[in-house]
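In what follows, a single structure is set out as structure tokens and then discussed.
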Amino acid sequence: MIHGVGVGHGGVGHGSALEKTLRITEALTAFGGPHRLAELSAAAGIPKSSTYRILVSLVEQGYAVTDGEGSYGVGLRLRTLAAEISADRPEGIVELLEFLHRCTGQAVHLALRSGNALTYIRKIENSGSRRTSSRVGTRVPLHATAIGKAVLAHLPPEEAEAILRPLTDREGLADELRTVRKRGYAVDDAEYERSVRCLGAPVFDRAGLPVGGVSLTAAASLHSRAELERFSPALLEAARGVQRLLQLGG
């Protein structure tokens with residue numbers, strides 16, 4: 001049973017299409033999901049037929065997901081929006097990223113997932129000759145970067161398989177992702193860009209799904225893989241801190 005979702009002043013079945021969609025979305029995000037169609041209809045105060053039509057649209061747009069058997073949950077697009085809203089409140093998160101940068105001396109990125117890619121939304125590094133080429137707004141693939149592999153390793157199996165299937169070295173990457181899950185972070189050993197090495201750690205939402213990650217980037221000419229991996233405890237601690245703040249804000 002869903003609690004705390006208001007029906008509004010229009011009564012059952014009334015209101016604009018937008019109002020109905022918002023009420024169903026609110027019901028969809030209530031604690032205890034996924035929810036059955038009947039639960040969502042009752043909580044939103046909208047007839048089942050209308051609720052179903054709106055849910056079909058939300059699933060098509062990526063704001064909801066369904067198991068095909070009448071249960072609906074929050075989709076990736078809605079989760080990403082929640083994380084973006086939380087990350088847009090810089091209090092605490094920027095301080096954590098800046099502290100990680102000061103502790104390691106390396107460039108720090110925060111990225112959020114969008115489909116089969118991640119988008120950098122924060123970057124912290126020193127001004128000077130050792131600046132990295134990445135920029136806020138840059139999209140990077142999940143399968144080819146440290147921060148991407150950190151997210152890919154923790155996706156539901158069917159989602160990860162869909163991303164791995166077209167790749168030529170999918171078996172090798174699948175083995176690498178198992179290692180990522182064991183140690184908690186991923187490594188890009190000058191693979192995506194030959195001039196840099198990276199470590200990436202995932203950030204999870206309240207449902208335990210990865211919505212993004214935090215990474216460290218170092219010049220490959222200045223730091224070996226082993227030297228960069230010495231910073232992994234600091235990276236993991238920072239990622240956990242960012243995760244806590246995102247979850248509180250979302």
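Side-chain atoms of V56 and R53, non-hydrogen and from C-beta on, never get closer than 4.5 Å to each other. Side-chain contact between S232 and L216: absent, with no pair of heavy atoms (C-beta onward) separated by less than 4.5 Å. L55 places a side-chain heavy atom less than 4.5 Å from the side chain of L28. Residues L246 and I93 have side chains in contact (heavy-atom distance under 4.5 Å, counting atoms from C-beta outward). The closest side-chain heavy-atom distance from D205 to V74 is not below 4.5 Å.
F204 and L177 sit in two unconnected hydrophobic clusters of ILVMFWY residues. Membership requires side-chain heavy atoms under 4.5 Å apart, directly or through other members. L167 and Y192 fall within the same hydrophobic cluster, defined by Ile, Leu, Val, Met, Phe, Trp and Tyr side-chain heavy atoms under 4.5 Å apart, directly or through other members. Under the 4.5 Å side-chain heavy-atom criterion for Ile, Leu, Val, Met, Phe, Trp and Tyr, Y63 and Y52 are members of the same hydrophobic cluster. Residues L112 and I163 fall into different hydrophobic clusters, defined by Ile, Leu, Val, Met, Phe, Trp and Tyr side chains chained together at heavy-atom separations under 4.5 Å. Under the 4.5 Å side-chain heavy-atom criterion for Ile, Leu, Val, Met, Phe, Trp and Tyr, V108 and V196 are members of distinct hydrophobic clusters.
A distance of 6.0 Å separates CD of E95 from CD of E98, quoted to the nearest 0.5 Å. To the nearest 0.5 Å, atom CD1 of residue I24 and atom CG of residue L40 are 7.5 Å apart. Here T217 contributes atom OG1 and H109 contributes atom NE2; the two are 5.0 Å apart, rounded to the nearest 0.5 Å. The structure places CG of L110 at 10.5 Å from CG of L96, a figure rounded to the nearest 0.5 Å. Here the CG-CD1 distance, from L152 to I147, works out to 13.0 Å after rounding to the nearest 0.5 Å. The distance from atom CD of E161 to atom CZ of R165, rounded to the nearest 0.5 Å, is 5.0 Å.
Smallest separation of non-hydrogen atoms from V65 and G75: CG1-CA, 3.8 Å. Closest heavy-atom contact between I46 and T51: O-OG1, 3.2 Å. Across all their heavy atoms, P210 and R113 have their closest contact at O-CD, 4.4 Å. Nearest heavy-atom pair across P34 and S71 is CB-CB, 4.3 Å. K48 approaches S41 most closely through the heavy-atom pair N-OG, 3.4 Å. Across all non-hydrogen atoms, the minimal contact from A238 to L100 is CB-CD2, 3.8 Å.
Side-chain atoms of K123 do not come within 3.5 Å of backbone N or O of A107 as any donor-acceptor pair. Between the side chain of R170 and the backbone N or O of L164, no donor-acceptor pair lies under 3.5 Å. A side-chain donor-acceptor contact under 3.5 Å links R197 to the backbone of H223. Distance alone, capped at 3.5 Å, is enough to place a donor-acceptor pair between the R206 side chain and the Q247 backbone. Checked by atom type and distance alone, the side chain of E159 never pairs as donor or acceptor with a backbone atom of P156 at under 3.5 Å. Here the side chain of R139 pairs no donor or acceptor atom with the backbone of T119 at under 3.5 angstrom. Checked by atom type and distance alone, the side chain of E39 pairs as donor or acceptor with a backbone atom of R36 at under 3.5 Å.
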Between R23 and E26, is the salt bridge (charged side-chain N to carboxylate O under 4.0 Å, His left out) condition met? List the steps. CA-CA 5 Å; R23 293 213 306 262; E26 185 180 1; over 6 Å; no
Go through the steps for E176 and L173 under the test side-chain contact (heavy atoms from CB on, under 4.5 Å), then give the verdict. CA-CA 5 Å; E176 183 179 355; L173 182 54; 3.8 Å; yes
